[in-house]
2 protein chains.
Amino acid sequence: MDVTKKERDCIVVIHENSSGFPLRLSDIASLMKVKPSTAYELLNRLLSKKIITKEKGMIMPTQYGNRVYSEIITAHRTMEILLTKSGVNRDIACSQMEKIDYLMDELSVEKILKQIGNPDKCPHGKPVKPV
Amino acid sequence: MDVTKKERDCIVVIHENSSGFPLRLSDIASLMKVKPSTAYELLNRLLSKKIITKEKGMIMPTQYGNRVYSEIITAHRTMEILLTKSGVNRDIACSQMEKIDYLMDELSVEKILKQIGNPDKCPHGKPVKPV
DNA sequence: CATAATATTAGTATTATACTAAAATATTTA
DNA sequence: TAAATATTTTAGTATAATACTAATATTATG
C-alpha cells in the first residue's frame, strides 16, 4: 500500500458514499470538490494501482481497495482512540489523524490496538475494523 | 510550521550534525545524499521559511528553526515511546515516526506526553525535549 | 596568483495536484 | 428516435516539490 494524501481522501470518500449504488466520476468530483478532469486523473491513478474498478461509469473499490481502505481506517481509528485517551478532543484527534493515518504501518497499528485492549469502536462510535 | 518531508529531513540533519562548527551546503548535500544543486534548492526553501540562515557559506538554524526542530523531535520521541510501550520495536517505531512526526500537532503531542507521564527520554535514551 | 573546492545558475525531468476548454460519449426526454 | 442535456475524456497549461547534469561563478588554500 502506497498512496498519496489525495488518493487516501478519494478512497475514503468512495467508501463512505457507496451505500446502495456505486458512485460515478461526477459524484466523486463534487464530493472531493474538484473539477471532473482532476477527479479523472486521480481515479486513473487509483485504477492503475488496482484500488478501484470502473464499469460503465460506475466506480467501485476492488477487494484490494477494500483492504487498503480498511488499513487506513483502522490506523485512523486506533490512533483516534489513543489520542482521546490522552485527553485530545475527538474531532481534533480525527483531523489530526486524517493527515497521517495512510502513512502508518499496519503492524505498529495492530500492536497499539492490542495494547489498548482491542476496542471495537472509535470515539465517534465507528468500528475500528470496518468490513 | 509547515514543512515537507525533505525539509524535515534536512532540518534534522542540520541539527544532528552541527556539534561544534556549522555545516555548509556541501556537507548537507552529502549527509542528505543529494547533489549540491538539489541541496541548494532545499536550503533555499528553508531560508525563505526562515528556518535557517546562511552567512559566508555557514548554515545555521534560526531560533524559529530550533523551535521547528524541537517540535518535530518531541513529536517523534513522544510517539516512539508510545509505540514501544505498545510493544513495537524501537527501531521500527523510529522509522515509522520519521514518516509522520513533522505532520503532528504540537498540542496533541503535548497531551500524549502528559498522559504517558512526561518521560524525559525516548527509547533510545535521547531527550524528548531537545534544547 | 593559481588551483582546488564550493556554490550558484540554467536547463531538464518526474510526480502529484488542479485548472480551462474542447471533444467525445452517454443518457434522458420530448 | 432525434435533440437536448449530462458526463467523461482529452489536450493543454500551471505550480510545487524533488532531483539531476553541466556550466559558471565564487571562495579558499597552497
Side-chain angles (χ1 to χ4, degrees), chain A residues 1-14 17-18 20-61 65 68-69 72 95 98-104, chain B residues 1-14 17-18 20-62 65 68-69 72 95 98-103:
Chain A
M1 202 250 291
D2 228 356
V3 294
T4 64
K5 176 61 163 60
K6 290 291 166 180
E7 285 165 6
R8 176 252 179 234
D9 290 344
C10 193
I11 292 166
V12 172
V13 153
I14 290 171
N17 293 279
S18 325
F21 47 89
L23 298 172
R24 34 192 347 157
L25 186 145
S26 59
D27 302 320
I28 291 165
S30 60
L31 286 164
M32 297 209 48
K33 302 185 212 303
V34 294
K35 299 291 166 205
S37 56
T38 303
Y40 182 80
E41 280 272 304
L42 185 50
L43 291 173
N44 262 358
R45 290 209 306 280
L46 293 179
L47 275 167
S48 70
K49 288 182 181 183
K50 303 195 188 301
I51 285 170
I52 59 167
T53 49
K54 190 158 55 165
E55 274 175 64
K56 299 174 171 277
M58 297 308 180
I59 286 141
M60 274 177 306
V68 172
Y69 170 73
I72 292 167
S95 64
E98 272 170 17
K99 293 190 229 155
I100 62 182
D101 53 15
Y102 70 105
L103 296 170
M104 295 206 63
Chain B
M1 201 252 291
D2 229 355
V3 294
T4 65
K5 177 60 163 62
K6 290 292 169 180
E7 285 166 7
R8 176 253 179 233
D9 290 344
C10 192
I11 291 165
V12 172
V13 152
I14 289 170
N17 294 278
S18 324
F21 48 89
L23 298 172
R24 32 197 349 172
L25 186 146
S26 59
D27 301 321
I28 291 165
S30 60
L31 285 164
M32 298 209 47
K33 301 185 212 303
V34 294
K35 299 291 167 203
S37 56
T38 302
Y40 182 80
E41 280 274 302
L42 185 50
L43 291 173
N44 262 359
R45 291 210 306 279
L46 293 179
L47 274 168
S48 70
K49 289 182 181 183
K50 302 197 190 301
I51 285 171
I52 58 167
T53 49
K54 189 157 56 164
E55 274 176 62
K56 299 175 170 274
M58 297 308 180
I59 286 141
M60 275 177 307
T62 60
V68 172
Y69 170 74
I72 293 167
S95 64
E98 272 170 18
K99 293 191 230 153
I100 62 182
D101 52 17
Y102 69 106
L103 296 170

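Throughout, a chain's letter reflects where its sequence line sits, starting with A, and its residues are numbered from 1. Only this structure's heavy atoms are used, side chains among them; waters, hydrogens and symmetry mates stay out.
A donor-acceptor contact under 3.5 Å links the side chain of B:S37 to the base of D:dT21.
Near DNA chain D, meaning a heavy atom under 4.0 Å from it, residues 51-59 of chain B has no residue at all. Interface residues of residues 27-35 of chain A facing DNA chain C, ordered by number: A:V34, A:K35; criterion, heavy-atom separation under 4.0 Å.
Using a 4.5 Å cut-off on side-chain heavy atoms (C-beta onward), A:L42 and A:I28 make no contact. Looking only at side-chain heavy atoms (C-beta outward), B:I51 and B:V3 come within less than 4.5 Å of each other. Two residues are said to be in side-chain contact when any heavy atoms from C-beta on lie closer than 4.5 Å; B:P36 and B:L25 meet this criterion. With contacts defined as side-chain heavy-atom distances shorter than 4.5 Å, the pair A:S18/A:M60 does not qualify.
Remark: B:K35 NZ to B:S26 OG distance equals 13.0 Å, nearest 0.5 Å. Of the inter-residue distances, the one linking B:L31 atom CG with B:D9 atom CG reads 12.0 Å to the nearest 0.5 angstrom. Distance CG/A:L43 to OG1/A:T53: 11.0 Å, rounded to 0.5 Å. Note that the CG atom of A:L47 and the CD1 atom of A:I59 stand 7.5 Å from one another [nearest 0.5 Å].
Going from atom NZ of A:K5 over to atom C1' of C:dT15 covers 18 Å, rounded to whole Å. A:L23 has its CG atom 11 Å from the P atom of D:dT8, to the nearest Å. Straight-line distance from the CD atom of A:E41 to the C1' atom of D:dG12: 12 Å, rounded to whole Å. Regarding B:N44, its CG atom lies at a distance of 15 Å from the P atom of D:dA19, rounded to whole Å. When the P atom of D:dG12 is taken as reference, atom OH of A:Y40 falls 15 Å away, rounded to whole Å. If you take CG of A:L47 and P of D:dT8, they are 13 Å apart, rounded to a whole angstrom. The CG atom of A:L43 sits 15 Å away from the P atom of D:dT7 (whole-angstrom rounding). Counting to the nearest Å, the C1' atom of C:dT8 and the CG atom of B:L42 are 15 Å from each other.
Checking D:dT8, D:dA19, C:dA16 against every side-chain atom of A:P36, the shortest atom distance belongs to D:dT8.
The local environment of NZ in B:K5 is crowded, with over 12 non-hydrogen atoms from other residues, nucleotides or ligands closer than 6.0 Å. More than 12 heavy atoms of other residues, nucleotides or ligands lie within 6.0 Å of NZ in B:K99, so this atom counts as buried by the packing criterion.
Of the possible donor and acceptor atoms, one in the side chain of B:K49 sits under 3.5 Å from a partner among the backbone N and O of B:D2.
A close approach under 4.0 Å does occur between a side-chain nitrogen or oxygen of A:T38 and OP1 or OP2 of C:dC19.
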Could you pull out the protein-nucleic contacts involving nucleotides 3-6 of chain C (nitrogen or oxygen on both sides, under 3.5 Å)?
none

